[in-house]
Peer 1: 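Below is one structure. I have some questions about it.
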Protein chains: 2
Amino acid sequence: MAGRTNEARSLAAKGGSEGEGAVLDLQRYFPYRLARLAEQVSLAVAEVYSERFALTRQEWRVLALLGGRSEIATKQVGPLTTLDKMQVSRAMQGLEARGIVTRKSDPDDRRGLIVSLTPTGRALYRKIVPFALARETKLLSVLTAEEAEVLDRAMRKLSAELG
Amino acid sequence: MAGRTNEARSLAAKGGSEGEGAVLDLQRYFPYRLARLAEQVSLAVAEVYSERFALTRQEWRVLALLGGRSEIATKQVGPLTTLDKMQVSRAMQGLEARGIVTRKSDPDDRRGLIVSLTPTGRALYRKIVPFALARETKLLSVLTAEEAEVLDRAMRKLSAELG
DNA sequence: GGCGGATAGTAACATTTGATACTAATTTGG
DNA sequence: CCAAATTAGTATCAAATGTTACTATCCGCC
């Protein structure tokens with residue numbers, strides 16, 4: 001461990017001493033770095049669904065959610081995609097207009113709607129998902145198995161702390 | 001290693017076998033999880049500068065950048081804050097209108113402007129930064145030293161892969 | 001069993017954000 | 001040197017996003 005000269009580059013490097021002359025180095029500030037990375041990743045994935053298939057981020061989330069099941073009540077979509085109800089409503093309208101989903105009234109709650117993928121939507125899902133998964137795999141392949149595991153754990157911890 | 005029953009929870013869990021019936025589980029999809037976490041963190045930090053001091057995210061970034069130096073050419077702000085020139089322009093206008101920064105023409109390039117914090121701006125910086133740093137510290141304190149270190153390394157690797 | 005409050009979804013409006021294109025100044029290279 | 005291409009910054013318009021409030025339905029409780 002003799003060569004440890006640049007310790008200051010790691011996370012949570014404090015600025016000055018205390019309270020008073022505190023300095024925040026943006027390039028090392030964790031929230032900034034995380035926002036930046038998330039944006040980079042988001043952009044890389046958006047190439048798949050946005051440029052090739054003209055979906056918005058919200059539409060993509062809904063499609064991704066729906067791919068795994070035959071149908072779902074619209075009211076459940078928000079919590080599962082981290083979209084508010086207005087975003088869900090607009091995403092649904094967009095997807096319906098393009099023939100990707102259909103909506104029918106929920107017999108158990110006549111305020112609500114039940115969404116399902118059309119055959120077109122299912123075909124789209126099958127076309128996009130392999131690319132999306134490939135992006136994820138390729139990206140994560142720069143990490144060692146141990147790094148991926150710790151990253152996973154760290155993200156869970158941080159998310160739980162804020163939830 | 002006998003108790004390893006829930007391997008499927010970790011990062012990069014593949015869906016089905018190959019190509020065909022591939023399934024993407026949004027809750028486990030790394031780009032989604034990262035976007036979600038970044039949003040949570042961003043929101044937590046925004047409490048500091050937004051609710052208390054009525055700054056936008058972009059204004060906050062510029063302020064944070066400026067706090068460390070006496071002045072800077074506007075054209076350097078974009079690259080250092082990951083904001084495009086329109087966002088920088090608007091943030092500057094907002095900060096100037098509130099007396100937080102002043103701008104003067106750059107004598108070396110009469111198209112450009114040079115920004116610096118006013119005394120008011122400097123006072124604001126000194127008031128906000130300790131809170132912002134405290135948030136970061138508190139958040140990262142849920143991680144062990146080793147987790148923080150690996151997280152730092154993983155973020156660098158991922159960012160470099162995409163940059 | 002019906003009245004008060006909650007919930008699902010959307011319309012309509014306000015605000016933010018992004019894209020385009022313009023002005024003025026600078027750099028390039030012929 | 002000077003015309004052509006580039007750059008800094010902003011105005012202007014278009015699109016996306018957030019906010020409020022409305023309708024219809026449902027739930028809980030007196």
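Quick caveat: nothing in here was measured; it's all calculated off a predicted structure. These values consider heavy atoms only, across backbone and side chains, with no hydrogens, waters or symmetry-generated copies. Chain identifiers are assigned alphabetically (A, B, ...) following the order of the sequence lines, protein sequences preceding nucleic acid strands; residue numbering begins at 1 within each chain.
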Peer 1: At their closest point, which heavy atom of A/Ala64 faces which heavy atom of B/Leu26, and how far apart are they?
Peer 2: CB-CD1, 4.0 Å
Peer 1: Return the nearest nucleotide to the side chain of B/Arg111; candidates are D/dA11, D/dA8, C/dG9.
Peer 2: D/dA8
Peer 1: How many Å lie between CG on B/Leu113 and P on D/dA8, as a whole number?
Peer 2: 12 Å
Peer 1: Just how far, in rounded Å, is P of C/dA8 from CD of A/Gln93?
Peer 2: 17 Å
Peer 1: For B/Gln87 and C/dT17, is the shortest distance between a side-chain N/O and OP1 or OP2 below 4.0 Å?
Peer 2: no
Peer 1: Measure from NZ or CZ of B/Arg61 to the centre of the six-membered ring of A/Tyr32 and say whether it is under 6.0 Å with the direction within 45° of the ring axis.
Peer 2: no
Peer 1: Side chain of A/Met86 only, heavy atoms from C-beta on: which candidate in C/dA19, D/dC26, C/dA11 is closest?
Peer 2: C/dA11
Peer 1: If you check the B/Arg90 side chain, which of D/dG9, C/dA8, C/dT17 turns out closest?
Peer 2: C/dT17
Peer 1: Base, sugar-phosphate, or nothing for B/Lys85, non-hydrogen atoms under 4.0 angstrom?
Peer 2: base
Peer 1: Can you measure A/Lys75 atom NZ to D/dT25 atom P for me and round it to whole angstrom units?
Peer 2: 15 Å
Peer 1: Would you sort out whether B/Glu96 and B/Arg103 count as a salt bridge (charged side-chain N to carboxylate O under 4.0 Å, His left out), showing the intermediate values?
Peer 2: CA-CA 8 Å; B/Glu96 191 173 45; B/Arg103 293 188 286 179; 2.9 Å; yes
Peer 1: Nearest to the side chain of B/Gln58, which nucleotide is it out of D/dA8, C/dT17, D/dT10?
Peer 2: C/dT17
Peer 1: Using the ring of each side chain (for Trp, its six-membered ring), is B/Trp60 parallel, tilted or perpendicular to B/Tyr49, with breaks at 30° and 60°?
Peer 2: parallel
Peer 1: For D/dA8, does either OP1 or OP2 sit under 4.0 Å from a side-chain N or O belonging to B/Thr74?
Peer 2: no
Peer 1: So if I take every side-chain heavy atom of B/Arg110 and compare against C/dT26, D/dT10, D/dT19, which nucleotide ends up nearest?
Peer 2: C/dT26
Peer 1: Can you tell me how far P of C/dG18 sits from CZ of A/Arg57, to the nearest Å?
Peer 2: 12 Å
Peer 1: What does B/Asp84 touch in the nucleic acid at a heavy-atom separation under 4.0 angstrom: a base, only the sugar-phosphate, or nothing?
Peer 2: nothing
Peer 1: Expressed as a whole number of angstroms, how long is the span from B/Ile114:CD1 to C/dA25:P?
Peer 2: 16 Å
Peer 1: Can you measure A/Lys104 atom NZ to C/dG9 atom P for me and round it to whole angstrom units?
Peer 2: 14 Å
Peer 1: Contact class for A/Arg103 vs. all strands (heavy atom < 4.0 Å): base, sugar-phosphate, or nothing?
Peer 2: sugar-phosphate
Peer 1: Separation of B/Met92 atom CE from D/dT10 atom C1', in whole Å?
Peer 2: 14 Å
Peer 1: Could you tell me the separation between the CG atom of A/Asp108 and the C1' atom of C/dT7, rounded to a whole number of Å?
Peer 2: 15 Å
Peer 1: What I want to find out is whether A/Lys75 reaches A/Asp106 closely enough, with some N-O distance under 4.0 Å, to be called a salt bridge.
Peer 2: no
Peer 1: Can you find a side chain N or O atom of A/Ser89 that sits less than 4.0 Å from OP1 or OP2 on C/dG9?
Peer 2: no
